[in-house]
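Report on the following structure.
For ligands, and for the atoms within them, numbers begin at 1 and follow the listed sequence.
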Amino acid sequence: MKKDNKPYLINFNKIGNADLGYITKAENSKLPFQIKRVYWTYFTPDDVIRGHHAHKQLEQIIVASSGTIKLNVENTFGDKLEFVLDSPDKALYIPCIHWRTIEFSNNAVLLCLASEEYDESDYIRDYNEFKKINNF
Ligand code: TYD
């Protein structure tokens, strides 16, 4: 499967209406990668900035299933993009080799669909090491 090399927003379909509420789904056949792991983070204080890493291979689709999440994403050329996830039908695709920082409103739940199982050796946690990579 082709690897995308830019982050982009995905607008998932909503089933339902304002009177009854909504369902939104993610299906492998409609995603840029096959999901191997799902995780979620929650109860993050609103003064904490998480992330501060990139991944060598991992691709992710991130949803704010509740609350608001702000993500800053940077490629190895120093191009920076800011995204705000403020609706459960909105998602952000993050390719590999992108440094990210993440801020949360205090009720936020971040749902992550990931292309790989957890592997600490896939992380780049040193920003200077990240900036030395030049493969895009
Ligand atoms: P990390 O991905 O660095 O979180 P964040 O970017 O939100 O700050 O993960 C935090 C810790 O949790 C780190 O020690 C690795 C561990 N972890 C797992 O063991 N399994 C997982 O699937 C994830 C996402 C993290």
E129 meets the salt bridge (Lys or Arg N to Asp or Glu O under 4.0 Å) criterion, sequence neighbours left out, with none
Mark up the atoms of ligand 1 that fall under 4.0 Å of a heavy atom belonging to Y39, in ascending order. 24 (C)
Could you tell me whether the side chains of D122 and H55 share a donor-acceptor contact shorter than 3.5 Å? yes
Check E27 with K25, please: is the shortest side-chain N to carboxylate O separation under 4.0 Å? yes
Atom 17 (N) of ligand 1 - nearest protein heavy atom and its distance: Y118 CE1, 3.7 Å
Is there a protein heavy atom at a distance of less than 4.0 Å from atom 15 (C) of ligand 1? yes
Test side-chain contact (heavy atoms from CB on, under 4.5 Å) on Y118 and K36 and set out the steps. CA-CA 9 Å; Y118 173 72; K36 287 205 187 148; over 6 Å; no
Atom 2 (O) of ligand 1: closest protein heavy atom, distance to 0.1 Å, is Y123 OH, 2.6 Å
Can you tell me which portion of H52 lies within the under-4.0 Å heavy-atom range of ligand 1? Options are side chain, backbone, both, or neither. neither
Under 3.5 Å, is there a donor-acceptor pair between the Q60 and Y93 side chains? no
In the complex you have, is atom 12 (O) of ligand 1 within reach of the protein, judged by whether a heavy-atom distance drops under 4.0 Å? no
Once rounded to the nearest 0.5 Å, what's the spacing between atom CD1 of I124 and atom NE2 of H53? 9.5 Å
Test item, R125 contacting ligand 1 (heavy atom, 4.0 angstrom): yes
Partners of Y22 by side-chain hydrogen bond (donor to acceptor under 3.5 Å, both in side chains), sequence neighbours excluded? none
Is the closest heavy-atom distance from R37 to ligand 1 below 4.0 Å? yes
Among E120, R100, H55, R50, closest by any non-hydrogen atom to atom 4 (O) of ligand 1: R50
Subset of ligand 1 atoms that lie under 4.0 Å from at least one heavy atom of H53: 2 (O), 3 (O), 6 (O)
Pairing of E116 and K56 as salt bridge, 4.0 angstrom limit: no
What I want to know is whether G51 and ligand 1 share at least one N or O pair that is separated by under 3.5 angstrom. yes
